[in-house]
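Quantities reported herein were computed from a predicted structural model and do not represent experimental measurements. Index from 1, following the sequence.
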Amino acid sequence: MATEAKKTDLKAPLRGLSEVEQFEYFLKKIVGERKKASTPEKCVKAFRRWLEQLDELQEGIDEADAGLCRPYDHDDVMRRMRERWAGRGIAD
């Protein structure tokens, strides 16, 4: 009997929490004890972006789990980076 791999859920710690509780989680676990001072507006903006990034990452994980992405090809990635750099006048 084969066992199914456990699905990665990046938002698992946030499930069942209100938006305020999610924000508190973000401040405690993600921002933590950073010394840099920030405004409440910047913190809310960073929180919203963090949630968007989690969604984007989760989408990629789900696609990979479903076999919908191509295998990593280091040489292809480097070739495309060099082409992009060359277009900007940067030589490696």
Side-chain angles (χ1 to χ4, degrees):
M1 183 165 143
T3 58
E4 189 174 314
K6 184 178 178 183
K7 183 176 165 133
T8 302
D9 182 2
L10 296 177
K11 285 191 170 180
L14 306 177
R15 303 275 180 229
L17 299 180
S18 69
E19 189 174 27
V20 170
E21 292 168 327
Q22 290 178 4
F23 184 61
E24 289 173 348
Y25 176 89
F26 170 76
L27 292 175
K28 290 177 187 171
K29 301 287 185 180
I30 307 302
V31 176
E33 298 295 322
R34 294 184 185 166
K35 301 293 182 192
K36 183 179 175 186
S38 190
T39 65
E41 292 81 11
K42 286 182 180 179
C43 287
V44 169
K45 185 176 181 178
F47 169 66
R48 298 274 184 237
R49 180 63 189 134
W50 177 69
L51 289 177
E52 289 172 6
Q53 289 172 334
L54 285 180
D55 288 339
E56 291 167 8
L57 288 169
Q58 187 65 56
E59 183 179 318
I61 289 170
D62 293 344
E63 287 177 2
D65 287 347
L68 300 175
C69 58
R70 61 185 169 158
Y72 175 73
D73 181 345
H74 176 77
D75 293 332
D76 181 54
V77 171
M78 294 305 295
R79 180 188 53 73
R80 287 185 287 127
M81 285 178 57
R82 285 188 186 99
E83 288 173 359
R84 213 174 310 147
W85 293 342
R88 295 180 183 165
I90 303 169
D92 62 344

Roughly how far, to the nearest 0.5 Å, is [atom2] of [Y] from [atom1] of [X]?
| X | Y | atom1 | atom2 | result |
| --- | --- | --- | --- | --- |
| Lys29 | Glu24 | NZ | CD | 12.5 Å |
| Leu14 | Glu21 | CG | CD | 10.5 Å |
| Asp73 | Arg80 | CG | CZ | 8.5 Å |
| Gln22 | Arg15 | CD | CZ | 9.0 Å |

pair [X]-[Y]: side-chain heavy atoms closer than 4.5 Å:
| X | Y | value |
| --- | --- | --- |
| Lys11 | Leu51 | yes |
| Arg49 | Glu52 | yes |
| Val77 | Met81 | yes |

Following the transitive rule for hydrophobic clusters with a side-chain heavy-atom cut-off under 4.5 Å over Ile, Leu, Val, Met, Phe, Trp and Tyr, establish whether Tyr72 and Met78 coincide in one cluster.
yes

Is it the case that one hydrophobic cluster holds both Leu57 and Leu68, taking links as side-chain heavy atoms less than 4.5 Å apart, direct or via other members?
no

Heavy-atom pair of closest approach, residues Cys69 and Ala64:
SG-CA, 3.5 Å

What's the shortest heavy-atom distance between Arg70 and Asp76, and which atoms?
NH1-OD2, 3.7 Å

Over 60° means perpendicular and under 30° means parallel, so classify the ring planes of Trp50 and Phe26, tilted if in between.
tilted

So Arg79 and Asp75, side-chain contact (heavy atoms from CB on, under 4.5 Å) or not? Walk me through it.
CA-CA 6 Å; Arg79 180 188 53 73; Asp75 293 332; over 6 Å; no

